Amino acid sequence: MRSNLFSLLGGAFLSIGAGATRADPVALPDIDVAASRAPAAQSDAGAPADHGAAAAASDPAATQARILPRGGANAFDIGADAIARAPQGANSAVEKILLQAPGVSLDSVASGQLHVRNEHGNVQYRINGVMLPEGVAGFGSMLETGFIGNIALLTGALPAQYGLRTAGVVDIASKRGAFADGGAVSLYGGSHGDFTRSVEYGGTVGQTEYFFAGRWLQSDLGLENPTPGVTALHDRADQGKFFGYVSSRLEDGGRLSLITGTSASAYQIPANPNQDAFAGASAFLPPSAPANSAQLKEKQYESNLFNVLSWQKSFSGADVQLAYFSRYSRLAFAPDTLGDLLYNGLASRVERTSFLNGVQADSAWKVGDRHVVRAGVFGSGEDTRVSNALTAFPTDDSGAIAGAPVALALDGGRKFGWQWGGYVQDQWKISERLTLDAGLRFDQIYQYVNANQVSPRLNLTYEPFEGARFHAGFARYFTPPSQALAAPSNLALFAGTTAAPAVALSGAVLPERSSVFDIGWDQKILDGLTMGVDAYYKKAHDLLDDGQFGQALVLTAFNYDRAVNEGLEFKVAYEAGDFHAYANLAWARQVATKVVSNQYLFDPDELAYIASHDIPTDHAQTLTGSAGASYLWRGTCLSADLIYGSGMRSGFANLAHVPAYAQVNFGLSHEFAWGGDLKPTTLRFDIVNAFDSVYVIRDGSGIGVFAPQYGPRCGFFIGVSQKL
C-alpha cells in the first residue's frame, strides 16, 4: 500500500493538463456555510477584491478568507445550522462536533478526546483566522459552541500559511447575525447528573458589534467510566466557560476586534475498583489507607484564558491583518496520597502552567490578473513551569520495598521558550480551471531543544467541469513538541525508590519533521448530492506522541524515530429542502519504529521490541465512520447520528486492539413561535447511545494507557431555550 499510494500521489503532479485560458480571479465563497456538512466542490478564496475599504470592513470574515484561503487543502465544513440540528445541538463540545468529519476518531478524554488522521494531538484551532496558542494538556474543552457560525476542518497538504500544528486546522468563524440585539437563555440536563445553564447575548452600538456567551456544566460522569457500569464512582465535574467578541469599524475603514475566552474546571478522577495492591506496600502504610481502590479520591483542576486583539484593513488589491494573542493555562493533579501509594507504589502531585504571548501578521496582495501573493510572520514567547512532588517507598537492591514512604526532591523546572518564523505563498491562476499554490515556510524554535526548518508547499487545484474539484499537494511539515509536555525529568531523584524507572534513559523530546502527499476529488453528482474521496501518505522522522505513564492524568511527550501514516477517506452529503444527511468512512494506518526520547517511560522488553519492529501507534484506528440525518417539519426537527470505530490499539507494543463499537444518538426539537412581543421558545429531547451499546474506548493496556475507559451508557436529556 505504501509504494502504490506514494506513486499515485507523486504521479498526480505530472498528469494534470492545462484547462481553458480565461484568467478571471476565483470567486470568493461565503465563509458562513450554514447547514453545510460536506459542501459541494467550490473554488478557494482567490484574489483580494478591488473594493473600497469601507465595504470590505463591513465583512471581516470575507477579508480573512482572502488572506488565509484553503488552497489545495482537503476541507470539511459544519455550519451553525448543522450543529443546531444534530442531537444535543450546541450543548455538544467542539470535540464531539468534529467527530462528524471524515478521519476524526473518538478517544478517551485522558488521551486527547479525538484524533485527526490517526495523529496524537497536532491540531491547531483558529478563530476568525487567528491561531489560538495551545496550553498545557488537560481534559476541558476551552471553546464555547454558542458563538460558532461555521467549523471548517482542513487536512492534507496545507498552504504555507498554516504551520506548527498540521494534522488538522480547525478554522472557526463566529456567527453571523449574532449582533442583532438579543440572545437566549437555556437549561439542559438529564442522565448521569448532567445539568447545563447557558446564556448568550449580542448587539450593535454605533459602529461596534458585540457578542457574549457563558455556560456552566455539572455532571456525575465528567470523565469516562473505567468500568462498564451505568454509574461511575467519584466522577463529578464542574465546568464554567465564557466567550466574548467585540468588533468595531474604524473611521479609516479598518476594523479592530477583541476575542476573549476563559474556562475553569474541577474534576474528580473516577475510581477503578478491586485493583491489586502494590507488592509490600500495605506493611508500611497506616490502617486508614483505602481498603479498596474504589475508595480512591484523586482530583484535577484546570483553567484557561485566551485573548486575541486583531486589526484588519482592506486596500485596493490588498488585505492585511495584524493580531496580538495571549493565553494562560494551568493544570493541577491532586493525588489520594495513601491510596496511590497502596495501589501504585507512589503518589504524584503534578502542576503545569503556561503563559504565552505572541503576534501574527498576514497579508494578501493581488499582482496582475493571475497572481495573489500572500506573506506573513509570527512570533511567540512562552513561559512554562512544571512540578512533580513525588512520594515513594525506598527499595533494597532487589527492588522490594524496604521502608515507610518518603517525599522526594521536587522534580520539574521552568523554561522560557521562543517560536518564530514566516511564510510566502503565490497563488497562480494558470487558467480558468487550474490553480497552482506554491510557497515556502520557515519555523524556528528555542525551547528545550533549538531547531528550525524551511518547508516547501505545493498544491494544484483543477476544476475540469462545473461541480467537480480535484486537488493534489505536497507539504513539508515541522512540528515542535508542546513545551510543557516536553519538560525533562531528573531520573537521579528517583534512584533507590519505587519511582525509579526500569530504563534509566531520557533523551530530549525533538521536533517532528515530515513529508505529506495528499490527493482528492470532490464531485457534485445531482442537485443536493455531493461526494468526495481523499488519499494521503505521510512519512515522518521523530514522530511526536504522548501518553499517560502513571496515575496522574497528565500526558508526557516522546518520539518515534521513523513513522508512516497513510489513509483513504470517503464522504457523501445530501440536501433536499429541509432534509439533510451525511456519511463518512475512513481507512487509516500509522506504524512507527524505535523510541528515541524519554525512553524511561517504557518497559524494557517493550522498548527492545519497538527498536526492531514497526508497531501501530496506540491511537491508530483502522476504520472510522460517522453518519447523520435531520429533517425539519413545521418547526420540529428530527435527527440521528452515528459514530463507529474499529477499536484503538491495546496489548504489548500495541499489537492488539479493543473491539469495534457503534454509538447511535437521536434528537427531537421544536421551536414554538408565540407571536406578538414574545420571542420563540425551543424545547429539545435527546437520547445518547440510544441502544445502550457497552463499549470500551481503552482497556488499560497499550503504550501510554494507564486505565480503562468506557463509552457513555444510554442517557436521556431534555432542554429548553428562550430567545431574548
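Along the sequence shown, residues carry numbers from 1. All values derive from a computational prediction rather than experimental measurement.
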Pairing of R713 and D692 as salt bridge, 4.0 angstrom limit: yes
Is R330 salt-bridged to E351, going by a charged N under 4.0 Å from an acidic O? yes
Among Q239, E302, E298, side-chain hydrogen bond (donor to acceptor under 3.5 Å, both in side chains) partner for Y267: Q239
Can you check whether [Y]'s main-chain N or O pairs, donor with acceptor, with [X]'s side chain at less than 3.5 Å?
| X | Y | value |
| --- | --- | --- |
| Y343 | P290 | yes |
| Q218 | W216 | no |
| Q548 | G550 | yes |
| R349 | N388 | no |
| T145 | A90 | yes |
| S348 | A389 | no |
| S597 | N559 | yes |
| H115 | V104 | no |
| S701 | G651 | yes |
| R165 | P480 | yes |

Min side-chain heavy-atom separation V705-S650 under 4.5 Å: no
Can you measure from [atom1] ([X]) to [atom2] ([Y]) and round to the nearest 0.5 angstrom?
| X | Y | atom1 | atom2 | result |
| --- | --- | --- | --- | --- |
| L510 | D542 | CG | CG | 4.5 Å |
| N274 | N292 | CG | CG | 4.5 Å |
| L505 | Y600 | CG | OH | 11.0 Å |
| L233 | Q268 | CG | CD | 10.5 Å |
| S198 | L217 | OG | CG | 8.5 Å |
| I269 | R236 | CD1 | CZ | 15.0 Å |

With no hydrogens and no angle check, do the side chains of [X] and [Y] hold a donor and an acceptor under 3.5 Å apart?
| X | Y | answer |
| --- | --- | --- |
| R589 | N118 | no |
| Q275 | S293 | no |
| S354 | E382 | yes |
| T384 | Q483 | yes |

By the definition side chain to side chain contact (heavy atoms under 4.5 Å, CB included), identify the one residue from D396, T498, T497 that meets it with I401. T498
Taking it one step at a time, do R117 and Q590 satisfy side-chain hydrogen bond (donor to acceptor under 3.5 Å, both in side chains)? CA-CA 9 Å; R117 293 188 166 184; Q590 186 181 69; over 6 Å; no
Apply side chain to side chain contact (heavy atoms under 4.5 Å, CB included) to L655 and Y609, showing your working. CA-CA 11 Å; L655 298 181; Y609 183 87; 3.7 Å; yes
So R562 and D614, salt bridge (Lys or Arg N to Asp or Glu O under 4.0 Å) or not? Walk me through it. CA-CA 9 Å; R562 300 184 311 279; D614 285 343; 5.1 Å; no
Would L485 and R352 count as a side chain to side chain contact (heavy atoms under 4.5 Å, CB included) here? Give the steps. CA-CA 9 Å; L485 274 60; R352 293 175 177 173; 3.7 Å; yes
Decide yes or no on side chain to side chain contact (heavy atoms under 4.5 Å, CB included) for Y695 and N689, but give the supporting numbers first. CA-CA 10 Å; Y695 66 94; N689 196 359; 4.2 Å; yes
Are more than 12 heavy atoms from other residues, nucleotides or ligands located less than 6.0 Å from atom CD1 of I718? no
Please check if atom NZ in K299 has more than 12 non-hydrogen atoms from other residues, nucleotides or ligands closer than 6.0 Å. no
Side chain to side chain contact (heavy atoms under 4.5 Å, CB included) assessment of E224 paired with V109: CA-CA 7 Å; E224 289 88 2; V109 176; 3.2 Å; yes
Let me see the working for D641 and N665 under side-chain hydrogen bond (donor to acceptor under 3.5 Å, both in side chains), right down to the final yes or no. CA-CA 5 Å; D641 63 19; N665 312 305; 2.9 Å; yes
Parallel under 30°, tilted from 30 to 60°, perpendicular over 60°: which one fits the rings of F691 and F666? perpendicular
If I compare all heavy atoms of Q621 with all of M648, which pair ends up nearest, and what's the gap? OE1-N, 3.8 Å
Test of ring centre spacing under 6.0 Å for F602 and F558: yes
